[in-house]
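These notes are about the structure you will find just below.
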Number of protein chains: 2
Amino acid sequence: MKRHQVTIIDIAQKLNISKSTVSRALTGHPSVRTDTRQAVMELAQQMDYQRNMLAINLSSSQSRTIGIIVPEFVTSFFPIVIMGAQEIAAQSGYSVLISQSNETYETEVANAKVMLANRVDGVLISMTRETKNFEHFDVFKRKGIPLVFFNRVCHDIETPKVVVDDYEGAFKATEHLILLGKKRIAHLAGPPSLYISRKRLEGYKDALRKHKRPILDDLIISYDLTLEKVKIYVKYLLDLPTPPDALFAVNDPTAIEAINVIKEQGLSIPEQMAVVGFSNDYGSALIEPGLTTMAQPTREIGQVAAQLLLDQIHTDSSVWKPITRVLKTELIIRGSSQRN
Amino acid sequence: MKRHQVTIIDIAQKLNISKSTVSRALTGHPSVRTDTRQAVMELAQQMDYQRNMLAINLSSSQSRTIGIIVPEFVTSFFPIVIMGAQEIAAQSGYSVLISQSNETYETEVANAKVMLANRVDGVLISMTRETKNFEHFDVFKRKGIPLVFFNRVCHDIETPKVVVDDYEGAFKATEHLILLGKKRIAHLAGPPSLYISRKRLEGYKDALRKHKRPILDDLIISYDLTLEKVKIYVKYLLDLPTPPDALFAVNDPTAIEAINVIKEQGLSIPEQMAVVGFSNDYGSALIEPGLTTMAQPTREIGQVAAQLLLDQIHTDSSVWKPITRVLKTELIIRGSSQRN
DNA sequence: CCATTTCGTGGGAGCGTTCCCATGAAATGA
DNA sequence: TCATTTCATGGGAACGCTCCCACGAAATGG
């Protein structure tokens with residue numbers, strides 16, 4: 001049942017003026033007589049007229065919407081990033097279209113199509129862990145739609161990126177464990193397909209090197225971030241002839257899961273096994289003992305990414321620069337790596 | 001720099017047919033010769049044509065978008081609801097426009113306007129804790145845009161609602177504490193302005209009544225859900241001449257905060273003070289001791305609400321029924337209310 | 001074999017704006 | 001006072017699509 005929508009034409013007719021004038025009055029165009037504008041505004045209010053963004057969007061060929069594609073919604077990380085981005089977008093009058101790729105390449109491609117169909121003015125994206133082919137991003141470049149990567153970025157595409165200093169963060173986290181007196185520090189790493197996994201691994205190794213510690217391949221495990229597997233790997237580590245006395249996990253959910261397994265096995269944290277995570281997720285302060293972690297400025301990632309995107313949207317594509325913004329991490333020390 | 005968009009006219013010209021035919025071919029209209037359709041499809045692919053939703057939306061006067069207004073994004077509850085809703089919406093080809101009211105009435109009103117301007121086909125909403133005036137919702141009814149409330153619902157408006165059985169949940173939670181042998185059970189309640197607060201309070205009281213326990217006003221505190229205040233109230237309770245030996249908190253963040261305060265004060269949980277929450281948030285399993293809580297089917301709330309909304313969108317407004325779907329809660333017993 | 005239905009297609013209005021150009025009135029300057 | 005600029009407004013194309021109506025050709029039926 002579509003009842004009639006109130007349009008500027010309705011207003012124009014009642015006021016016996018043209019729709020052009022109504023349009024100008026409503027959009028704040030200077031060359032409209034004050035009394036005319038007044039009358040239009042009042043009548044609009046009275047008829048509860050709402051400007052039709054659908055028409056405005058078509059007319060202006062832009063949606064005033066930015067798209068965000070994230071791999072998942074389960075951990076608190078992405079929702080917080082989205083919140084940050086949404087804030088910045090809203091300040092400039094932009095809406096946000098959200099879609100999750102479910103860590104699946106095909107869904108990511110489909111989502112990209114939806115973004116295109118909806119004529120978003122730009123896209124913020126953090127890739128699936130299985131995305132290795134980047135052709136579906138080319139079309140954005142061809143169509144002149146700016147793209148900003150965050151967190152899980154693609155280095156094969158020239159586009160702005162927002163990341164945290166994964167290398168430095170991992171370096172500091174590992175060094176923290178070394179300075180704590182830990183001798184055998186294990187690393188539960190992410191999949192090598194992710195740049196952040198590789199960088200964190202690198203930081204871990206370099207910290208060991210700096211302090212002249214051996215890098216033991218036994219103690220480095222790469223996994224695909226499906227949490228169910230953490231138990232297997234942690235048990236494996238604990239069952240080694242000479243087990244590690246510390247664990248640096250690639251992210252907080254992994255670390256939290258690891259803590260649960262370690263406690264289950266009856267080991268004391270941090271005495272027998274210290275644990276450090278990465279990102280300072282919501283649960284990290286709650287678990288017992290509290291999780292030492294490299295905090296990422298999660299909300300800020302969203303804000304910075306959105307700002308970068310808006311900047312691109314508002315400048316000519318010929319002057320786009322593929323800036324990479326590297327945000328700092330901060331070591332938060334809690335019980336999992338602290339002698340009481 | 002707006003380069004030319006590929007439109008159905010471009011395809012039509014290349015193929016020397018009319019745009020009507022191209023449109024029909026692309027939308028799967030039956031009366032198009034198979035070879036024509038084939039040719040159109042191929043050329044469209046080749047020119048990487050993307051249907052322009054902006055135009056389709058204007059033409060059809062509907063956006064194929066549903067709006068969701070939530071009060072906040074901080075706890076894990078709303079993101080999960082949104083995820084559930086998004087899944088259902090996506091299945092029917094609907095996009096989701098998200099906005100957060102920041103627990104502020106004015107923002108909620110502004111967000112409602114944005115939804116209207118974007119011509120969303122329906123809105124899912126959970127109100128601000130300070131929303132007492134519902135006029136900004138009337139316009140949706142006037143314009144025939146369906147509205148579905150969830151979680152924090154408005155009973156003054158005839159519209160579908162999705163809630164959990166707050167009364168029963170609170171009743172069971174309280175009864176659980178009674179059966180545990182607790183004698184003085186306090187309740188840290190939400191603001192009376194929220195229906196769910198009132199219902200939970202009612203369930204709490206009725207459980208006490210059923211078991212012939214006195215209802216002690218000293219032990220019932222209503223607060224505005226700003227977590228910083230939990231400390232004050234919990235301390236107040238603990239400092240009473242005869243302090244309570246159990247606490248039923250209106251939601252999990254409150255309960256978690258309470259546990260932290262109780263531990264800080266050196267009391268043992270659950271021996272000296274048992275705690276039960278409501279909703280089974282992400283952190284509840286992590287905190288030590290684990291938080292006993294009434295689990296809500298969070299994701300399902302989003303799914304059901306979205307489905308109800310889609311149902312309304314697809315039926316004539318004259319046959320809309322203000323169904324209230326009440327989902328069941330489930331008691332999850334953890335360390336905060338369990339001997340050992 | 002002619003009248004009627006079916007099929008595939010073309011033409012064009014309409015969705016509600018914005019924005020450019022035109023127009024006439026008022027204001028300005030010499 | 002007349003030419004020129006400024007101002008407030010109107011008219012209409014454009015945005016890209018859908019959908020209704022019309023039309024000729026082919027298929028059908030008696």
Side-chain angles (χ1 to χ4, degrees), chain A residues 2-41 43-44 47-65 93 116-121 143-144, chain B residues 1-41 43-44 47-65 93 116-121 143:
Chain A
K2 35 204 37 154
R3 49 182 21 80
H4 178 68
Q5 307 239 36
V6 182
T7 72
I8 52 170
I9 297 185
D10 298 321
I11 299 180
Q13 285 174 342
K14 286 220 182 188
L15 254 33
N16 237 325
I17 55 180
S18 78
K19 65 182 163 55
S20 308
T21 304
V22 176
S23 170
R24 278 187 287 256
L26 253 18
T27 52
H29 193 94
S31 74
V32 174
R33 250 192 9 241
T34 325
D35 54 342
T36 312
R37 180 189 310 278
Q38 192 72 20
V40 170
M41 293 304 225
L43 188 57
M47 296 176 76
D48 56 37
Y49 165 81
Q50 286 289 340
R51 56 210 293 257
N52 188 334
M53 292 306 294
L54 268 33
I56 295 176
N57 289 344
L58 175 62
S59 177
S60 64
S61 299
Q62 52 161 9
S63 57
R64 295 218 124 228
T65 295
L116 247 21
N118 281 295
R119 297 296 191 273
V120 294
D121 297 339
K143 303 228 177 204
Chain B
M1 257 332 52
K2 35 202 39 152
R3 57 200 350 96
H4 179 69
Q5 306 239 37
V6 182
T7 73
I8 54 170
I9 297 187
D10 298 321
I11 298 181
Q13 285 174 344
K14 286 219 182 191
L15 254 33
N16 237 326
I17 56 180
S18 78
K19 66 182 163 59
S20 309
T21 304
V22 176
S23 169
R24 278 186 287 256
L26 253 17
T27 53
H29 193 94
S31 73
V32 174
R33 250 192 10 241
T34 324
D35 54 341
T36 311
R37 181 189 310 277
Q38 192 71 21
V40 170
M41 293 302 225
L43 188 57
M47 297 176 75
D48 56 33
Y49 166 82
Q50 287 289 340
R51 58 209 292 257
N52 188 335
M53 291 307 294
L54 268 33
I56 295 176
N57 289 344
L58 176 61
S59 177
S60 62
S61 297
Q62 51 161 7
S63 57
R64 296 219 125 225
T65 296
L116 247 21
N118 281 295
R119 297 297 191 272
V120 294
D121 296 339
K143 306 229 175 203

| field | Donor-acceptor contact below 3.5 Å, side chain B/Thr27 vs main chain B/Ser23 | value | yes
| query | For the side chain of A/Thr7, counting heavy atoms from C-beta on, which of D/dG10, C/dT17, C/dT9 is nearest? | reply | C/dT17
| Nearest of D/dT9, C/dT18, D/dG10 to any side-chain atom of A/Arg51? | C/dT18
| field | pair A/Arg119-A/Asn57: side-chain heavy atoms closer than 4.5 Å | value | no
| query | Nearest to the side chain of B/Leu58 - D/dG10, D/dG16, D/dC19? | reply | D/dG16
| field | Integer-rounded Å distance: C/dT18 P and A/Asn57 CG | value | 11 Å
| said: Between B/Ser20 and C/dT9, is there a contact of a side-chain N or O with OP1 or OP2 at under 4.0 Å? | reply: no
| Rounded to the nearest Å, what distance is computed from the CD1 atom of residue B/Ile11 to the P atom of nucleotide C/dG10? | 14 Å
| If you take atom types as modelled and just measure distance, does the side chain of B/Arg24 reach the base of C/dG10 with a donor-acceptor pair under 3.5 Å? | yes
| request: For B/Ile9 and C/dT9, give me the distance from atom CD1 to atom C1', rounded to whole Å. | output: 16 Å
| field | Where B/Val22 and B/Val40 come nearest, the two heavy atoms and their spacing | value | CG1-CG1, 3.9 Å
| request: Consider the side chain of A/Arg33, meaning its heavy atoms from C-beta on, and name the nucleotide among D/dC17, D/dA8, C/dT17 that approaches it most closely. | output: D/dA8
| field | Selection from D/dG16, C/dG12, D/dC17 that lies nearest to any side-chain heavy atom of B/Tyr49 | value | D/dC17
| request: State whether the side chain of B/Ser60 and the backbone N or O of B/Ile56 hold a donor-acceptor pair below 3.5 Å, judged by distance alone. | output: yes
| From D/dG11, C/dT17, C/dT9, pick the nucleotide closest to the side chain of B/Thr36? | C/dT9
| Sugar-phosphate, base or nothing in reach of A/Ile8, heavy atoms under 4.0 Å | base
| task | Name the residue closer to the 5' end of DNA chain C, choosing between B/Val32 and A/Ala55 according to the nucleotide with the nearest heavy atom. | result | B/Val32
| remark: Testing D/dG10, D/dA13, C/dG16 for proximity to the side chain of A/Lys19, the answer is D/dA13
| said: If I take atom CE in residue A/Met53 and atom C1' in nucleotide D/dC15, what distance separates them, rounded to the nearest angstrom? | reply: 14 Å
| Considering only D/dG10, D/dC15, C/dT9, which nucleotide approaches the side chain of B/Thr21 most closely? | C/dT9
| Between atom CG in B/Leu26 and atom P in D/dC17, what is the gap in whole Å? | 8 Å
| query | Which atoms form the tightest heavy-atom contact between B/Arg37 and B/Arg24, and what is the distance? | reply | NH1-O, 4.1 Å
| Atom CD1 of A/Ile17 and atom P of D/dG11: how far apart are they, to the nearest Å? | 12 Å
| Hey, is the side chain of A/Ser18 poking within less than 4.0 Å of OP1 or OP2 on D/dG10, counting only N and O atoms? | yes
| Tell me: CD1 of A/Ile56 to C1' of C/dT17, nearest whole Å? | 6 Å
| note | Nearest heavy-atom contact between B/Val6 and B/Asp10 is CA-OD2, 3.4 Å
| For B/Leu54, which contact category applies under a 4.0 Å heavy-atom criterion: base, sugar-phosphate, or nothing? | nothing
| remark: Rounded to whole Å, CD of B/Gln13 lies from P of C/dT9 at a distance of 18 Å
